Amino acid sequence: MVKILYRWQFPVMKSRVLITLPLPTAALDALKQQFDVQIWDQGPMPKLQIAQRAKTTDAILCSLGTSITSDLIRSNPQLRTISSISVGVDHIDMAAATAASLPIGHTPDVLVDSTADLALALMLAATRRIVEADRFVREGHWSADWTTDFFLGTDLSRATIGIVGLGPTGLAVVKRVRAFGAKVIGWNRTEREVPGVRNVALDDLFAEADIVSVHTAAAPETHHLVSANRLALMKPGAVIINTARGSVIDESALIVALSKGKIRAGLDVYEQEPLAKDSPLLALDNVVLMPHLGSATAATRQAMMERACANLIAGLDGKPLPWCANPEVYAGG
Ligand code: GLV
């Protein structure tokens, strides 16, 4: 006898989600209620693991440490979305995703202020030599009396600050450094008028600025935009800050410039992350190093996770992602 199953009697198949990084318990539990979740929480997920596990998933929730290659995208046509807990999507082959009509979610806007704050923190740390001085005290070298030339730095209020990239984070940095009384010059790939910012050619920005702050996205056109030649244009004692992407600065050239002691730097991002254990940067006193923490405040990370989960859910429901990095996938209607 054939037993008739009514629609409501079919077991509900949950969508399958591969999560490639550890998440806070509350966020993970909420996802587990809705989806059939596989999670990799043992450090950077090896390529082979991603390739194997992607075969049995409908969506991937990842972040900057997971490289999503064209191969992975092409060999998994069942993927309905990839949602990244990041604003940048340079770890994802966007051309391949768009060619496969695969919507990619990201988390813009919510990390602008945190990243701009970190750029300011690095500016102050580098110009006032905070990390170097902290080390000096901890290592027990503080024995001499106060002298007029002890650990001298430079002032933001007297500085000309060059902003490379006048997007949302660049503008948030402009707002902050103007409040310090700095003069601001700027450069953007497509010229943008910003009140209080004098637009200059990129080479002139490097030659004029006391502090250069980099806020341009990683793209083929911005790869090594900060080249050896541009670093050589910087004034003695000038400072370069990078909270954008490592690939925008030619890191080997920066190491050479820093080793000569002519400039100082504050870096949150690197060409290779995590930074190699034998990177020459580690031996230099005139650079402040952060481990890619631009968005690392509790409130900002929460907001990023909320956006990433909203993107994931929309993608699995076949709806447009609220924060889609390749909206052209919807152009066909
Ligand atoms: C951080 O670098 C991000 O892209 O979210």
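Start at 1 and go down the list; that is how both ligands and their atoms are numbered. By convention here, the first residue in the shown sequence is residue 1. Please read these numbers as outputs of a predicted model, since none were measured by experiment.
In this structure, R301 does not pair ionically with E306, as no charged nitrogen and carboxylate oxygen lie closer than 4.0 Å. Between R16 and D58, at least one side-chain nitrogen of the basic residue sits less than 4.0 Å from a carboxylate oxygen of the acidic one, meeting the salt-bridge criterion.
Using a 4.0 Å cut-off to heavy atoms of L111, the atoms of ligand 1 that qualify are 5 (O). Here is the list of ligand 1 atoms found below 4.0 Å of a heavy atom in L64: 1 (C), 2 (O), 4 (O).
For atom 3 (C) of ligand 1, the closest non-hydrogen atom on the protein side is V87 N, 3.4 Å. Nearest protein neighbour of atom 1 (C) of ligand 1, counting heavy atoms only, is H292 NE2, 3.5 Å.
Residue R128 places its CZ atom among 12 or fewer non-hydrogen atoms of other residues, nucleotides or ligands, all under 6.0 Å distant. For K262, the NZ atom sits in a packed shell: over 12 heavy atoms of surrounding residues, nucleotides or ligands are nearer than 6.0 Å.
Looking at H91, M304, R245, it is R245 that brings a heavy atom closest to atom 4 (O) of ligand 1.
Neither the backbone nor the side chain of I85 comes within 4.0 Å of ligand 1, counting heavy atoms alone.
Not a single donor-acceptor pair under 3.5 Å links the side chain of W142 to the backbone N or O of D145. Counting only distance, with no hydrogens or angles, the side chain of Q78 and the backbone of T57 share a donor-acceptor pair below 3.5 Å.
Note: no N/O pair closer than 3.5 Å links A244 and ligand 1 by distance alone.
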